[in-house]
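Below is one structure, written out as C-alpha cells; comments come after it.
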There are 2 protein chains.
Amino acid sequence: MTAPLSRSVEDYLKTIYRLSERGGAAATSEIAQRMDLAPASVTGMVKKLAESGHLEHVPYHGVRLTGPGRLAALAVVRRHRILETYLIVKLGYDWASVHEEAERLEHAVSDELVERMAEALGSPRYDPHGAPIPTRDGEIEQSDYPSLAQMEVGARVELRQVDDDDPERLRFLKSLGLVPAALLVVTDRQPFGGPIRVKVGGEEGEECVIGMALAACILVERR
Amino acid sequence: MTAPLSRSVEDYLKTIYRLSERGGAAATSEIAQRMDLAPASVTGMVKKLAESGHLEHVPYHGVRLTGPGRLAALAVVRRHRILETYLIVKLGYDWASVHEEAERLEHAVSDELVERMAEALGSPRYDPHGAPIPTRDGEIEQSDYPSLAQMEVGARVELRQVDDDDPERLRFLKSLGLVPAALLVVTDRQPFGGPIRVKVGGEEGEECVIGMALAACILVERR
DNA sequence: GTTCACATTTAGCCTACCCTAACTTTCGAT
DNA sequence: ATCGAAAGTTAGGGTAGGCTAAATGTGAAC
Ligand SMILES: [Mn+2]
Ligand SMILES: [Mn+2]
Ligand SMILES: [Mn+2]
Ligand SMILES: [Mn+2]
C-alpha cells in the first residue's frame, strides 16, 4: 500500500534528522550544503515532504520532522549503522571506507536483512565509529558528549565517537589511534583556535597534535 | 568517468542476456513481458542502449547484446548469484524469498563487497538454485541441461538447476525435495502434456506428481 | 500477390528530481 | 526606522524512465 520511500527522500530525512539533533529547525541552506544540492532543489523536496506529512515547513524559517518523519529517518540511520558494523566485523571492511558503501546499501536492504545482520552481530548498540544504533522501534540513546575541542589542558577523557563521513579524516584518526574507547590526556592547547596536543593511550601514550576542526569531530567523556 | 549504470539499465541488460541465452535476438515484447513494462517503454530504452553501445537493435527484429553489453549483464548476474548464496549460507535466508532481496541489492553493492562475499563463501561456482556464477571477468559455464519435462519414463537423473524467480514455486519444489543434487527417477508420464511422476531420492524415494509447466523449470542431468 | 493479425515504433504525456536565474523575505547593522 | 546581504522561494527548464493511443511494419495464411 504505502510505496517505499525513494533513496532521495530517505537521504533528505536522514540529513534533516541529523541537523535537528542539535535542536531547533533545519535550514534549507544547511540541508543543501550537507547533501551537495542547490537550495532551490531542497525547497522543492521540502514542500513534498511537508505534503506527505514527514515534516513541517514554515517558509523562510526551516523545517522540523514530524513523528512519522522522525521514525522514517531513524529507520534509515539504523540500517546505515548496522550495515557499517556488519561490513567491518563480518567482511573485513575498512573502518574508513565503509561509510560510502553503507550510504548506498541503506536504501536497498530490507528490514528482514537488517535484522538478520543485527542478530548475527549480537544486537550491537554502537556502530564502529561510536554512534548509537536506534532500536527497531525508533529509540536512540541521547548521548550529549562534549567534543575534544572543548577540553582544557590536563583533562583525562575516553574517546566516544568520531564523525564518519570523511574517509580521509577517518584514516588519519586511525593512524593516530584515535578510535572509540581510546584514553586521551590533553597536554597542551594553543589559544585562538590553535591546535590541541594530546597523549593517546593514557599518561604513557604517544603524543600528537590535532587541529581545532578535527578536535571538534571527536566526542569524548571525562574520566 | 563512466557513470554507473542505473538500476533500470542493469535490469534491462540482465533480462536481455537471459533471453538471448537460448540463442537469437530478444524481442521487444519478450523483454516487456519479463520486466512487466509496456512494449513502448522497451523500445525507448532499447534505443538508448543501442546508442550507448550495449546492444544492437534492428528495428522490428529485436536486439542482441554487444561485447560490452554482455559483460555488463554478466556482472549483474554475478552480483545477483553471489548475493543469493551469501544471504542463504551466512544469514540463514530462505531459499524461496532470497531472489527478491538480491534483485534489489544487485544494483547497490560495490564490486569490492561482492568479492568479499565471494571470498567468505570460498568462491562458489553455483548459486543455491544451481545456476552457474560468472567469474569476475565475465566467463560463465555453458551448461545445456535438458529439462525434466523432456525425460522419458525410466530415466534416472540428478537435479541440476531450478528457476528462481517465483518464491511460491520454489517453496513448493523444496517441500517435495526437488533441490539441486536430488536424484530422481521418472516412473510415469501422461501423454498430451500431462503430468510426470517421479521418485525423489532414488529408487526408494517418495513419489510425486509434477505438472508439465513445473517440470519445464527443472533442469536435470542423466545418471 | 493480398490481406490482416500481431508486433513494434512513434507521438505525446507524466512524475520524480535535479539545475540556474530571478525574485522575495528576513534580520542584523546602522 | 531603514537598508542591504544572506537566505529562501519561484519560475522555467532538463534528464531519466515510465505510460497510453495511434500509426506502421512484418510475415504467415490464404
Ligand atoms: Mn544514503
Ligand atoms: Mn558510522
Ligand atoms: Mn534487479
Ligand atoms: Mn538464483
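Basis for what follows: all heavy atoms, side chains included, without hydrogens, waters or symmetry-related copies.
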According to a strict under-4.0 Å criterion, is Thr28(A) in side-chain N/O contact with OP1 or OP2 of dT9(D)? yes
Check this one for me: any side-chain N or O of Ser29(B) less than 4.0 Å away from OP1 or OP2 of dC6(C)? no
In Val89(A), Ile88(A), Ile133(A), the residue satisfying side chain to side chain contact (heavy atoms under 4.5 Å, CB included) with Leu121(A) is Val89(A)
What is the distance, rounded to the nearest whole Å, between atom [atom1] of [X] and atom [atom2] of [N]?
| X | N | atom1 | atom2 | value |
| --- | --- | --- | --- | --- |
| Glu10(B) | dG17(D) | CD | P | 11 Å |
| Gln33(A) | dA7(D) | CD | C1' | 13 Å |
| Leu19(A) | dA7(D) | CG | P | 15 Å |

Single hit among Glu84(A), Arg81(A), Gln161(A) for side chain to side chain donor-acceptor pair (under 3.5 Å) with His129(A): Glu84(A)
Distance flag, aromatic centroids of His99(B) and His80(B), threshold under 6.0 Å: yes
Do the side chain of Gln150(B) and the main chain of Ser147(B) share a donor and acceptor less than 3.5 angstrom apart? yes
Could you write nucleotides 12-26 of chain C as a row of B, S and -, 5' to 3', where a protein heavy atom under 4.0 Å of any base atom gives B, of only sugar-phosphate atoms gives S, and otherwise -? ----SSSBBB--BSS
Does atom CZ (Arg136(A)) have a neighbourhood of more than 12 heavy atoms from anything else shown, all under 6.0 Å? no
Quiz: residues 66-74 of chain B side-chain donor-acceptor pairs under 3.5 angstrom, not counting sequence neighbours:
from     : atom 1 : to       : atom 2 : distance (Å)
Thr66(B) : OG1    : Gly53(B) : O      : 2.7
Thr66(B) : OG1    : His54(B) : O      : 3.2
Thr66(B) : OG1    : Gly69(B) : N      : 3.2

